[in-house]
Number of protein chains: 2
Amino acid sequence: MSNLDATFSALADPTRRAIIARLAEGELALSKLAEPFDMSLTAVSKHVGVLSDAGLVEVDKRGRTRHCRLRAEQMQDAFEWLNGYQQFWHDQFDALARHLAPTGQGDKA
Amino acid sequence: MSNLDATFSALADPTRRAIIARLAEGELALSKLAEPFDMSLTAVSKHVGVLSDAGLVEVDKRGRTRHCRLRAEQMQDAFEWLNGYQQFWHDQFDALARHLAPTGQGDKA
DNA sequence: CATTTAATCAACTAATTGGTTGATTTTGTC
DNA sequence: GACAAAATCAACCAATTAGTTGATTAAATG
């Protein structure tokens, strides 16, 4: 599975995006991380597993707890992929704007 | 399903990203669009359906053909979501850099 | 009108996903 | 040593996904 496959598919779940948002505020033990979610610890653990497989989260064992921290850099490729189309949607927007409100001097000014 | 759910999950498939890449070069009839892919037309049609449900592609009927065009603006929310973490991974990178090569004058210069 | 082309539909399959529960393992604490 | 807490494991379930094939519909063309 490509990096992008794993990243985008990890980000496609709202629980996992919420996990990322929580971890952005700092490292958390799994049980603390799981608290706000209305599902079993097992379920959260699986989500963390998906994020970890995608490289978005790092888990390290400390005693009986597992500490999770965000590896935000791993989102870069996905970001860059989307960024490649940003110019495209700006162009589309510009084209639409020119179509709706032609000034007749857009090219010169 | 949230917008982000649909967008990220649509982007999680390599065939669908390839479809987007093709459409970025211009509008295409479904059969033309499907040509390079090693799968049935039905399969490609389903992928286009997923992209269309996510608002990433627009399909319009013309005679017996279906013409597909990219709606790149629909990627903006996903882009912005990721962008919110860009600062975060830059910070992490900077922190690492300071850790590896402390110059002692990084703050002043 | 007969044929070909574009596409969808319906039905099926195998694999994956997101969740559950109950039992177990490991670790810290009284 | 006994107990509570943190987490995993194993098994299961229902829904979804990515693909297939064969039949059908609809439009263009000889």
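Below, read A as the first sequence line, B as the second, and so on, with proteins coming before strands; counting in each chain starts at 1.
- In this structure, NZ of Lys61(A) is placed 15 Å from P of dT25(C), rounded to the nearest angstrom.
- In this structure, the CZ atom of Arg66(B) is 13 Å from the C1' atom of dC9(C), given to the nearest Å.
- A tilted orientation is assigned to the rings of Tyr85(B) and Trp81(B), their planes being inclined by 30° to 60°.
- Map His67(B) and Ala43(A) each onto its nearest nucleotide of DNA chain C; the residue landing nearer the 5' end is His67(B).
- In this structure, of dA7(D), dC9(D), dG19(D), it is dA7(D) that holds the atom nearest to the side chain of Ala29(A).
- For the residue pair Ala54(B) and Ala6(B), the shortest heavy atom distance occurs at CB-O, 3.8 Å.
- Side chain of Lys46(A), nearest nucleotide from dA11(C), dA11(D), dC9(D): dA11(D).
- If you measure from atom CG of Asp38(A) to atom C1' of dT20(C), you get 13 Å, rounded to the nearest angstrom.
- Between the CG atom of Leu33(B) and the P atom of dT8(C) there is a distance of 11 Å, rounded to whole Å.
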Set out, line by line, the N/O atom pairs under 3.5 Å between protein and nucleotides 25-29 of chain D.
| residue | atom | partner | partner atom | Å |
| --- | --- | --- | --- | --- |
| dA27(D) | N3 | Arg64(B) | NH1 | 3.4 |

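- Contact annotation: the side chain of Asp77(B) never approaches that of Thr7(B) to less than 4.5 Å [non-hydrogen atoms, C-beta and beyond].
- Listed by first then second residue, pairs satisfying side chain to side chain donor-acceptor pair (under 3.5 Å) with a partner in residues 38-49 of chain B read Arg16(B)-His47(B), not counting sequence neighbours.
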Return the polar atom pairs (N/O with N/O) between nucleotides 14-17 of chain D and the protein under 3.5 Å, or none.
none

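- Inter-residue side-chain proximity for Leu23(B) and Cys68(B) is flagged as met; some heavy-atom pair is nearer than 4.5 Å.
- Note that the OG atom of Ser9(A) and the CG atom of Asp13(B) stand 10.0 Å from one another [nearest 0.5 Å].
- Under 4.0 angstrom from either OP1 or OP2 of dT8(C) there lies at least one side-chain N or O belonging to Ser45(B).
- Each of Arg62(A), Arg22(A), Arg71(A) was compared with Glu27(A) under the salt bridge (Lys or Arg N to Asp or Glu O under 4.0 Å) criterion, and only Arg62(A) meets it.
- At whole-Å resolution of the value, CE in Met39(B) and C1' in dG19(D) are 8 Å apart.
- Distances were taken from every side-chain heavy atom of Leu30(A) (C-beta onward) to each of dT20(C), dA7(D), dA10(C); the shortest belongs to dA7(D).
- Taking atom CG of residue Asp5(B) and atom C1' of nucleotide dT17(C), one finds them 14 Å apart after rounding to whole Å.
- Using a 4.5 Å heavy-atom threshold, the side chains of Asp5(A) and Arg17(B) count as touching.
- A sub-4.0 Å separation between OP1 or OP2 of dA7(D) and a side-chain N or O of Ser31(A) is present.
- The CG atom of Asp60(A) sits 14 Å away from the C1' atom of dA6(D) (whole-angstrom rounding).
- Under the 4.5 Å side-chain criterion, counting only non-hydrogen atoms from C-beta, Leu70(B) is in contact with Met75(B).
- Within the 4.0 angstrom heavy-atom criterion, base atoms lie near Leu41(A).
- Look at Ser40(B) and you won't find any side-chain N or O under 4.0 angstrom from OP1 or OP2 of dT21(D).
- For the side chain to side chain contact (heavy atoms under 4.5 Å, CB included) with Gln74(A), the lone residue among Val57(A), Asn3(A), Leu51(A) that qualifies is Asn3(A).
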